[in-house]
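Just so it is clear, the structure is predicted and the values come from calculations on it, not from any experiment.
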Amino acid sequence: MLASATHVLHARLAPAEALVDERRTLYRLAVGLFAPGTRLSDNLADHPIVRYEIGRALAGHDGLDPARLREAAEMRVRDVGVAIAADARAADVLEAPLRIVAPPGTSPRPLTEADGERFDTAVGVVADGVRLLRRLAPAMADDLLAHVSMLAVLKAETSGGVVSASSRYVPGVVLIDEPSAPIEVAEALVHEGAHEKFFDLAITREFLDASAEDAEYFETSWSHARWPLEQTFAAWHAYSCLAQFYLLRGTEQLGPHSLLPKARERAAEIGDWLLAHEGDLRADARWLLRALTGEPAVEVEEQPLKDVAVSREISKGDCFSVLPDVTCQRARSGRVVVGRATQPPTIFWLAPDASWVVDRLRHDGTPISFELMLSDAIKEWAVDPATAGQRLGVALDSLLMSSIIQSNS
C-alpha cells in the first residue's frame, strides 16, 4: 500500500503549476544561450519538438534554429482535455519520438485528420478517456496531465504493439495505440503522465547526476530486462502511480494489456531495489522514494553551514561581479537557473542564498564588496551578523567555484 497519495507527495516537492513554470524557465534560459533575443511563449516552451530541439542543442548536436521551433509549433492539434496531434504533417513533425519508441522493424504512423472518420472515432475515445480519468481520480489527473503537452494516436497496424510510450529525449508527448475503450486511455495517461512528471522533476530538482550512468543496473523478475538507474526510477515512479489508480478505478473493465493489476507488486519490487541503492540517488529522489514506499523520510535540508568547507577566505573589502557570459532566469517560485555559453553549455539551479547573491550583483551591474552585501543580507535574511557572514561566505564560494561570479579584488 502506498504511504500517501502521489499527488500530495509531488506537491511537497513542487506543485504542478510551479514545476511547469520552472521547466519553462529553464528552456527559456537555454534558448537565450543559443539565440539571444528569441522569445519563447508558454505554447512554444511546452511543445515537445521545441523541447527536443533545445535538448539536442544543449547536448552539443547542431545549433538552434528559431524558425524550426516556430514551424513545429504550427502543427494543428485537436484539444479534448489533452492536445491530440491532428495535422496531416504530424508524421514528419513528430519523426523523432516516433523513431525513438518504434519497436525493431516497425515504423509507427499517427492517425490524423487525413484519416477522416477513423481519426474522429479515436479522438472521441481519447476525450472519453480524459473525462474518465478526471472523474475517477481528479487530483491525480490535475497533477499528471499538467505535464502532458501533446498526445499522438498511433495506427494499430503500424505501431508494433507499443500500447503507450514516451521518451525523455522528446518530453511532453505521449504516444498511444489506437484505443478501443476509455479506460485504456486513462491508464495510458497515468502511466506516461507519471513519466512526464518525472522528466520535469529530473531537470528542476535534485534527482540524478552524471554518476547515475555508471550505477548498477536493475533486472526485472518478470522479463529479466536490465535497466539503468534513471529508467529504473522512472519505472518505479510510474508503477507507483498506476498502483494508486488501480485502487480508484471502481468497476471499470480493464483492457487486455492493462498493467494495473501488476502495478503494486512491481512497484514494491523496484522500490526495494532502489532503497538498497539509494546512495546513487540525490536528495529529492531519495525523499520521494522513501515517502512513497512508507519508509522514514526527513525533509530535504541543506548541509549544516558549520559542516560546509569553503575554498578561500573572504575579507570585507573583497568585491565580486557576475561573469559577463552568465545568463540567469528567475522562476515565479523564486528559484534561479543560470547558464553559461560553454561547449556544451552548462545549466544548473542555484541554492536560495546563491540566488540572492546573483540577484544582488546583477541588480547593481557593478562589483559589490562583501561588506556591503553582508549589511544587506543581515537585513533581508533577518539573521545575526555571524550567521549572515557564514551563509554569504558559503554562497560566494560556491558561485566562485562554479565560475558564475568573479572576484574583482
CD-OH distance between Gln231 and Tyr217, expressed to the nearest 0.5 angstrom: 8.5 Å
Heavy-atom closest contact (Arg23 atom, Ala146 atom, distance): NH2-O, 4.3 Å
Rounded distance (nearest 0.5 Å) linking atom OG1 of Thr327 with atom CD1 of Ile404: 11.0 Å
Thr220 side-chain N/O to Ala225 backbone N/O, donor-acceptor pair under 3.5 Å: yes
Check: Ala395 main-chain N/O paired with Ser398 side-chain donor or acceptor under 3.5 Å: yes
Contact check, side chains of Cys319 and Thr366, non-hydrogen atoms, under 4.5 Å: no
Heavy atoms of other groups near Glu17 CD, more than 12 under 6.0 Å: no
His191 (side chain) donor-acceptor with Ser164 (main chain) under 3.5 angstrom: no
Minimum heavy-atom distance Ala388-Ile378, with the two atoms named: CB-CG1, 3.7 Å
Pairwise distance OG(Ser159) to CD(Glu178) - rounded to 0.5 angstrom: 9.0 Å
Min side-chain heavy-atom separation Ile176-Leu151 under 4.5 Å: yes
Contact check, side chains of Glu206 and Trp349, non-hydrogen atoms, under 4.5 Å: no
N/O donor-acceptor pair under 3.5 Å between Glu196 side chain and Gly172 backbone: yes
Pair Glu380-Arg360, salt bridge (charged side-chain N to carboxylate O under 4.0 Å, His left out): steps then yes or no: CA-CA 11 Å; Glu380 295 196 32; Arg360 182 70 179 82; 5.6 Å; no
Output field: ring centroids Tyr239/Trp236 closer than 6.0 Å: no
Heavy-atom closest contact (Pro345 atom, Leu58 atom, distance): CD-O, 3.8 Å
Candidate pair Asp353 and Leu392, rule side-chain contact (heavy atoms from CB on, under 4.5 Å), full reasoning: CA-CA 7 Å; Asp353 287 352; Leu392 188 57; over 6 Å; no
Shortest non-hydrogen contact between Gly255 and Ile183, atoms and distance: N-CG2, 4.3 Å
Between OG1 on residue Thr293 and CG on residue Leu288, distance to nearest 0.5 Å: 9.0 Å
Minimum heavy-atom distance between Val170 and Pro48, given as atom pair plus value: CG1-O, 3.7 Å
Stepwise salt bridge (charged side-chain N to carboxylate O under 4.0 Å, His left out) test for Arg131 and Asp128: CA-CA 5 Å; Arg131 285 192 288 269; Asp128 290 342; 2.4 Å; yes
Student check: side-chain heavy atoms of Leu281 and Leu208 closer than 4.5 Å: yes
Whether over 12 other heavy atoms sit under 6.0 Å from Phe34 CZ: yes
Thr204 OG1 to Asp284 CG distance, which is reported to the nearest 0.5 Å: 8.5 Å
Residue pair Asp280 / Leu274, side-chain heavy-atom distance below 4.5 Å: no
Arg249 to Tyr246, cation-pi by 6.0 Å centre distance and 45° axis angle: yes
side-chain contact (heavy atoms from CB on, under 4.5 Å) evaluation trace for Val326 with Val358: CA-CA 10 Å; Val326 170; Val358 170; 5.9 Å; no
Rounded distance (nearest 0.5 Å) linking atom CG of Leu289 with atom NE2 of His237: 11.0 Å
4.5 Å side-chain heavy-atom contact, Val77 and Ile84: no
Verdict with supporting geometry, Leu94 and Ile49, side-chain contact (heavy atoms from CB on, under 4.5 Å): CA-CA 7 Å; Leu94 300 178; Ile49 301 305; 4.0 Å; yes
Candidate pair Asp376 and Trp356, rule side-chain contact (heavy atoms from CB on, under 4.5 Å), full reasoning: CA-CA 10 Å; Asp376 290 343; Trp356 181 87; 4.0 Å; yes
Close side-chain approach of Val125 to Ser180, heavy-atom, < 4.5 Å: no
Main-chain N/O of Ser221 paired to Glu269 side chain as donor or acceptor, under 3.5 Å: yes
His147 and its side-chain hydrogen bond (donor to acceptor under 3.5 Å, both in side chains) partner, picked from His195, Glu192, Lys197: Lys197
Backbone of Tyr169 reached by a side-chain donor or acceptor of Ser167 within 3.5 Å: yes
His257: ring-ring contact (aromatic ring centres under 6.0 Å, His included) partners, not counting sequence neighbours: none
Considering all heavy atoms, the nearest Leu259-Glu187 contact: N-OE2, 2.8 Å
Heavy-atom side-chain proximity of Leu144 to Leu133 below 4.5 angstrom: no
Aromatic ring pairing Trp222/Trp227, orientation class (parallel under 30°, perpendicular over 60°, tilted between): perpendicular
Candidates Arg51, Arg205, Arg168 - the one meeting salt bridge (charged side-chain N to carboxylate O under 4.0 Å, His left out) with Asp200: Arg51
Side chains of Ser407 and Asp318, donor plus acceptor under 3.5 Å: no
Side-chain donor/acceptor of Ser333 to backbone N/O of Ala18, under 3.5 Å: no
Asn43 versus Ser41, side-chain donor and acceptor atoms under 3.5 Å: no
Glu95 atom CD: more than 12 heavy-atom contacts under 6.0 Å: yes
